[in-house]
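Both ligands and their constituent atoms are indexed starting at 1 by order of listing. Each residue takes its place number in the sequence, starting with 1.
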Amino acid sequence: MFSFFKKKTPAIAPVAAAPVVDVPPQAPAQTPPVTGVGPGSGAPGLSVTAATGSLIGSVLAAPIGVPSTPAPAPERQGWMAKLRAGLGKTASSLSGVFGGSKIDEALYEELESALLMADAGVSATQFLTDTLRKKAKSAGVDNPVALKNLLISIVADLLQPLQKPLVIGQHTPTVIMVAGVNGAGKTTSIGKLTRHLAEDGASVLLAAADTFRAAAREQLSVWADRNTVEIISQAGADPAAVSFDAVSAGKARRKDVVLIDTAGRLPTQLHLMEELKKIKRVIQKADGTAPHEVLLVIDGNTGQNAVSQVKQFDDALGLTGLIVTKLDGTAKGGVLAAIARERPIPVYFIGVGEQLNELETFNAREFAQALLA
Ligand SMILES: Nc1nc2c(ncn2[C@@H]2O[C@H](COP(=O)(O)OP(=O)(O)OP(=O)(O)O)[C@@H](O)[C@H]2O)c(=O)[nH]1
């Protein structure tokens, strides 16, 4: 089993180190926070990444070895199978480029088109093809299969800055605000996160700050019931007020995590973006250090549109992390390369389906492998 979150002890040791003594709903988290292994830490190939990455731009232009593609860590194999299946459409068009027997200009042109079609965006496409050409030349790569392996390594290096664990435990509670456009998968992702947190022994309080849509509150309540966690929900109330109440209650009840679900909105709906900013300000009033995480959930299937959402929500809110959903069955899996190039905000989790086990921590090398499988 790998860790879904990274747990950290608070920077300043609190007087009461033992967590949660008052009356949480079910078995409270008694496990003292430990430094977890972090997501994907068992993932293969990080040393390869470092080695090849360090040679980029080397004045010595030393020949580089063509990295092989290592097998995923045993505990990640099931997930890798799902990821590969989910990204199958993107992968078939990208890896199809390397099906021939020689490396020529036509191959590079085809690769450029395939990356653009996969919504990697102009900047990442140019960066990847230029880097591939340079590295292939200095490594003396002479066959398409080796060239594909080299590209996997370059994509993994590009995505590496996005790989970062969600840290829980530095604050009590860790306040996580979740935003996104309608239907991106916010509530579902919150439900899945809640489940993982609860299984990990953390006490969670949910805040249904989507006060307009009754179905959204009900959906969140179902997740709360399933996971026996508490929920703050008030029909028709001001979402900022619900968030304030939730953070205050989370502090009073010494919850480990407060997860705030906000209503879906388009970044072009300026009044609704102002409302989000207000929610963030009001959370800060309840706890001067919060929100500790501002997450944007994006639908990976929307490709370049998702990239512009990241930029707009980040400009408005100052995002700390992303959850990329619906990467199953998409032909636009290149979107993460565009994000890495254009607005590199950590991707804490990716989703490849509606099931609980279809949301996982993001690992750059695994993703690169699945993208070019
Ligand atoms: N295929 C697939 N479907 C997903 C994934 N994540 C969420 N969904 C589905 O996407 C739909 C919308 O999910 P919600 O969680 O309701 O989205 P939301 O962002 O909370 O929606 P609003 O509250 O309307 O803004 C649901 O049918 C989910 O089951 C995923 O990774 N893959």
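- Checked against T330 for a side-chain hydrogen bond (donor to acceptor under 3.5 Å, both in side chains), the options N301, T302, D299 give a single hit: N301.
- Contact residues for ligand 1 (protein heavy atom closer than 4.0 angstrom to any ligand atom): V181, N182, G183, A184, G185, K186, T187, T188, D210, R213, Q219, G264, T325, K326, D328, G351, V352, G353, E354.
- When the side chains of ILVMFWY residues are joined at heavy-atom separations under 4.5 Å, either directly or via intervening members, V155 and F127 end up in a single hydrophobic cluster.
- In this model, a donor atom of one side chain and an acceptor atom of the other lie less than 3.5 Å apart for E293 and T320.
- Closest approach of G183 to K326, counting heavy atoms only: O-NZ, 2.8 Å.
- When each of I350, L371, L327 is paired with L83, the side-chain contact (heavy atoms from CB on, under 4.5 Å) condition holds for I350 and for no other.
- In this structure, the side chains of Q163 and Q160 come closer than 4.5 Å at one or more pairs of heavy atoms.
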